[in-house]
Protein chains: 2
Amino acid sequence: MAAPLPAAPGGSRGRRPRRPSGDDRERAILTTAEDLLGRRPLADISVDDLARGAGISRPTFYFYFPSKDAVVLALLDRVVGEARESRSAALRRAGDDVRASWRGALEAVRSTFAAHRALTSAAASLLATSAEVRALWAAIMDGFVEETAAAIEAERARGAAPAGPPARDLAVALNWMNERVIHVTYAGQTPALAEDDLIDVLLTVWLRTVYGSDIPGTAPA
Amino acid sequence: MAAPLPAAPGGSRGRRPRRPSGDDRERAILTTAEDLLGRRPLADISVDDLARGAGISRPTFYFYFPSKDAVVLALLDRVVGEARESRSAALRRAGDDVRASWRGALEAVRSTFAAHRALTSAAASLLATSAEVRALWAAIMDGFVEETAAAIEAERARGAAPAGPPARDLAVALNWMNERVIHVTYAGQTPALAEDDLIDVLLTVWLRTVYGSDIPGTAPA
DNA sequence: AGACTAATCGACACCGTGTCGAGTCGCTCG
DNA sequence: CGAGCGACTCGACACGGTGTCGATTAGTCT
């Protein structure tokens, strides 16, 4: 995971504070951020809050992170890796039960998001303002799309799925659908799905899109 | 110096009041906002920019709008109405060609978004911070979902569409998919679809979801 | 011990927001 | 006509947040 993590001055990441727990500070900032995000939206958290929470002064905060956003980015980086890995694993753990394999991929992403609702909301709000967050998000979505497209193509190749639009295009649509539906559902917005129905509904759309025909019955006279 | 945007609204009609009327000012603020949003993101536009663009001072701005967000909300309100209406019309203009009817609904939303990319991006960034914008957005999505669910149920009732998850649940997923895919595509983010393929891909997913079966072929031994 | 470096923070400059109070303008009514 | 009113305007200010600079301390390394 080589994302633009916060490095203080020089390029390489070598800072190893010996005595007074300098690296602890970084961790303290991170956990403070996670904690505060659970209580109020990112916009209502100032650098000062983060600093005080970590037991340091505001200027000192800037020794560790270039900005508030960078903290969220660092947090996000971890979670994104988690999601990616757990999803790939689920997809690889396919076996012969195709349906279970798709379900596993959906479930992997869902559970990761669910475990980090607060962070996810913060990320969503940065999506609009931070190019770095946008890049990170694009990267993970790209990975999902790539993987999904490959799976669709494999299914088409073995004759299980019908032809249609480019696999990648379907994958783009399906993965963004997931992103949004999962997000609104866990962020408590509307219109959303019930948390318990989430996976079933998404899975239905995925399966019908990948395997289903798109020829509607003609209208009755 | 500050050059007020639309100084003389036209008329060969004589004798406007020396001072431009309040309505003119309000309109000037709105058009300034629209104009500036075409050049830079909302976050880079200050109340002062809006005020100067409209030829008034910053405090005067607050006479017309309570905040920068309220301006975007006002703009958004118009566009949302437009989208809603044009989509309902398309859906009502159905006729017996079911496929064309679905396509029309998709196209209606697409073209409205496309005609107001800048505003849409601004709205997206406020989604995180403004409860009013969130409410407005939720309202329009709710309307879409309601309409979509009714259409799906009608198709099921006449035997054209198979049973499955509640129509409303499918409608939620499909409409959020549209929202997101259209947004990333027109905002130039990734992964996105080509603008020309947008409708075809979305339509495929919609049709397969509404009319298709979700039973994948079993894997070969 | 002297030198060097990571870490720390007080103080400051800056920017954007929102409000207050003191006006101005043009209209209407007695 | 001129007094009064309500719509409108803006200079000045208070506030809260950001990011930076320079001085200072505390440990580490010859």
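Sequence lines set the chain letters: A, B, ... in the order given, protein chains first and strands last, and positions in each chain run from 1.
- Remark: P of C/dT17 and CZ of B/Phe61 are 9 Å apart, rounded to the nearest angstrom.
- For the residue pair B/Glu34 and B/Leu75, the shortest heavy atom distance occurs at N-CD2, 4.2 Å.
- Contact annotation: A/Tyr64 side-chain N/O to C/dT8 OP1/OP2 distance is under 4.0 Å.
- The listed nucleotides are C/dA7, D/dC10, C/dC9; the one nearest the side chain of A/Arg25 is C/dA7.
- The OH atom of B/Tyr62 sits 18 Å away from the P atom of D/dA12 (whole-angstrom rounding).
- In this structure, B/Phe63 places its CZ atom 15 Å from C1' of C/dG21, rounding to the nearest Å.
- Residue A/Thr60 is classed as a base contact, given a heavy-atom separation below 4.0 Å to a base.
- For the pair B/Arg58 CZ and C/dT19 C1', the computed distance is 10 Å after rounding to whole Å.
- When heavy atoms are screened at a 4.0 angstrom cut-off, B/Ser46 is found touching the sugar-phosphate backbone but no base atom.
- Salt bridge A/Asp49/A/Arg58: absent, no basic N to carboxylate O contact under 4.0 Å.
- In this structure, CZ of A/Arg52 is placed 13 Å from P of D/dT18, rounded to the nearest angstrom.
- For B/Ile56 and D/dA7, the CD1 to C1' distance is 14 Å, given to the nearest whole Å.
- In this structure, B/Asp48 atom CG and C/dG16 atom P are separated by 8 Å, rounded to whole Å.
- The two residues A/Ser125 and A/Ala122 have their closest heavy-atom pair at OG-O, 2.9 Å.
- Remark: P of C/dC9 and CG of A/Leu50 are 15 Å apart, rounded to the nearest angstrom.
- Taking a 6.0 Å sphere around CD of B/Glu195, one finds it holds more than 12 heavy atoms contributed by other residues, nucleotides or ligands.
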